[in-house]
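The first residue of the sequence shown is numbered 1, and numbering continues consecutively from there.
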Amino acid sequence: MTMKYPSLDRLLESIGSVFDAYSVVLFCRNSAGTFDLTTSFSLGDSIRKGTKIEQGQGLVGWILKNNSPLVVEKFDEKNTFLGYYGAEQDEQIKVFVGCPLPGGRGALCMDSKKTYAFTSKDQRLLSLFAVVVAAIIEDVGEGGVSSREQALYRVLQQVYALREAHPKWTDFLNRYLALLAGASGYEYAFLVVSDEWGNNYLLEGSNKPFMPENVSARQSFSTGSGLLGWVFKKNQSVFFGDGKSELGRTPLFGRDIPGPVLNTLMAFPLKVHTRCRGVLVFGDRESRVISAEIKDFANMAADYLALFLENLYLRNKVRRFAPPSVTDPGDAPDFDNSDYHP
């Protein structure tokens, strides 16, 4: 009998929303060694409930057998078998991507009717979702997820639903940063973004004000100085949080530039169209130990924002260069980015 995981139903729905997927499916190993369709989300009604797949059977079976991710961009319905729509599938699927769950527990997969719908970054983010799914399954199997982990899962679900609930960029960002600060327990969660040339950056938003009054709201800072400038230049994450060391002497924005004195910090570079265009920061004035669960949560939240900004960037680029004759209301993005600055 297949074990039920109610918390995963909403998670798969959120994944479908994040990636604009047609269907998202989760297969988990059963006691017989085959794999059951544990839960799914789809915009259609053709997924066969109770589907079982063996290793090597169809695209999902290939992932299960080889324990490797798979992306299929040129889809041939006559010769390619997904395994969860049935032999008579007529869904006009164009793209498929899937990742194995850690420990050989199963596979998390999604598809789309849109050509070239998924990128390599999408596959990487899906693999992070696969880690979360495996953690939920393991914890439930051991008797229940801890209250702390349950809270983080719920916040991630809220984060993934923000785009539709808050179409204005400013509203979205304010809600996003407030959720991250509240879930992590850190005093600050803020976003800095670079200018068009990558020479300077500015504070785009924070869960609460922290700059002195003599610093203007849109003041720019050089990417050639300060800890955050280093993250922009090197495109690498920075972590300070062993509960002992003090970060306060290291300037965030540059020498002689006032700012909060943070002794615990996580800074994640956000790559948009091959370049670091922003840095998501979690910080606290107290010296704290960064737990593995908080680090994983923050990393997933940062990857989601980077994916979101890249999609927004590409949409804006298409609209900017498209002739007026081919741009109609139906082509407009469903996210109102009129006040988006990066």
Stepwise side chain to side chain contact (heavy atoms under 4.5 Å, CB included) test for Met266 and Ser237:
CA-CA 7 Å; Met266 296 185 290; Ser237 299; over 6 Å; no
d(Glu286 CD, Glu187 CD) to nearest 0.5 Å is 8.0 Å
- Under the side chain to side chain contact (heavy atoms under 4.5 Å, CB included) criterion, do Leu305 and Val159 qualify, and how do the steps go? CA-CA 10 Å; Leu305 185 59; Val159 167; over 6 Å; no
**Request:** Start with the C-alpha distance between His166 and Lys168, add both sets of side-chain angles, then the distance that settles side chain to side chain contact (heavy atoms under 4.5 Å, CB included), and finish with yes or no.
**Result:** CA-CA 6 Å; His166 301 280; Lys168 287 286 188 180; over 6 Å; no
- request: Any chance you could lay out the side chain to side chain contact (heavy atoms under 4.5 Å, CB included) test for Ile47 and Ser23, step after step, and finish with the verdict?
  value: CA-CA 9 Å; Ile47 292 181; Ser23 295; 3.9 Å; yes
Closest non-hydrogen atoms of Ala267 and Leu228, given as atom of the first, atom of the second and distance, are CB-CD2, 4.5 Å
Is it the case that the side chain of Ser68 and the backbone of Asn66 share a donor-acceptor pair, with hydrogens and angles ignored and the cut-off at 3.5 Å? yes
CG of Asn299 to CZ of Phe297, rounded to nearest 0.5 Å, is 11.0 Å
Original post:
What is the ring orientation for Phe19 with Phe118, classed by angle as parallel under 30°, tilted 30 to 60°, or perpendicular over 60°?
Top reply: perpendicular
Those residues at least two apart in sequence (or on a different chain) that pass side-chain hydrogen bond (donor to acceptor under 3.5 Å, both in side chains) with Thr223 are none
Closest non-hydrogen contact found for Asn235 with Cys276 is OD1-CB, 3.6 Å
Minimal heavy-atom distance between Arg277 and Gly198, with the atoms involved, is NH1-N, 4.5 Å
query = Below 4.5 Å, heavy atoms only, C-beta onward: do Val60 and Ile63 meet side chain to side chain?
reply = no
### Task
Group every Ile, Leu, Val, Met, Phe, Trp and Tyr by side-chain heavy-atom contacts under 4.5 Å, then state whether Ile93 and Leu70 land in the same group.
yes
On a heavy-atom basis, the closest approach of Leu125 and Met300 is CD1-O, 4.4 Å
Parallel, tilted or perpendicular, as decided by the 30° and 60° cut-offs, for the rings of Phe239 and Phe268:
perpendicular
- Phe232 side chain near Ser194 side chain, heavy-atom distance below 4.5 Å: yes
**OP:** Just say parallel, tilted or perpendicular for the rings of Tyr22 and Tyr85, cut-offs at 30° and 60°.
**Re:** tilted
Open item on the list: Are Ile290 and Tyr186 packed together at the side-chain level, in the sense that at least one heavy-atom pair is separated by less than 4.5 angstrom?
Closed with: yes
From the list Leu82, Val72, Val97, side chain to side chain contact (heavy atoms under 4.5 Å, CB included) partner of Asp111 resolves to Leu82
query = So do Val238 and Val279 actually touch side chain to side chain, heavy atoms under 4.5 Å?
reply = no
In this structure, CG of Leu26 is separated from CG of Leu37 (nearest 0.5 Å) by 7.5 Å
- Message: Please check: side-chain N/O of Tyr176 versus main-chain N/O of Ala301, any donor-acceptor pairing under 3.5 Å?
- Response: yes
* Asked: Can Leu280 be reached from Leu162 by stepping across I, L, V, M, F, W or Y side chains whose heavy atoms are under 4.5 Å apart?
  -> yes
Interatomic distance, CG@Asn174 vs CG@Leu179, rounded to 0.5 Å, equals 11.0 Å
So CZ of Phe35 and SG of Cys28: to nearest 0.5 Å the spacing works out to 9.0 Å
One should read off an interatomic distance between Lys65 NZ and Ile53 CD1, to the nearest 0.5 angstrom, of 14.5 Å
task: Could you check if a side-chain atom of Leu108 sits within less than 4.5 angstrom of a side-chain atom of Val24, using non-hydrogen atoms only?
output: yes
Atom CD of residue position Gln55 - does it have more than 12 heavy atoms of other residues, nucleotides or ligands inside 6.0 Å? yes
- Message: Taking the side chain as everything from C-beta on, heavy atoms only, tell me whether Val192 gets closer than 4.5 Å to Glu204.
- Response: no
| task | Determine whether Leu202 and Val193 make a side-chain contact, defined as any pair of heavy atoms from C-beta on separated by less than 4.5 Å. | result | yes
Taking Trp197's backbone N and O only, do any of them form a donor-acceptor pair with Asp195's side chain (distance below 3.5 Å, no angle check)? yes
- Query: Would a 4.5 Å heavy-atom cut-off, applied to side chains only, mark Leu180 and Phe282 as touching?
  - Reply: yes
Leu64 and Gly106 have their tightest heavy-atom pair at CD2-C, 3.5 Å
ILVMFWY network linking Val131 to Leu307, side-chain heavy atoms under 4.5 angstrom: no
By side-chain hydrogen bond (donor to acceptor under 3.5 Å, both in side chains), Asn207 pairs with (sequence neighbours left out) none
Strictly distance-based, threshold 3.5 Å: is any side-chain N or O of Thr34 a donor or acceptor partner for the main-chain N or O of Lys52? no
All heavy atoms of Ser40 vs all of Val25, minimum pair found to be CB-CG1, 4.0 Å
Over 12 foreign heavy atoms within 6.0 Å of NZ, Lys208 | yes
side-chain hydrogen bond (donor to acceptor under 3.5 Å, both in side chains) filter on Lys114, not counting sequence neighbours, yields Asp20
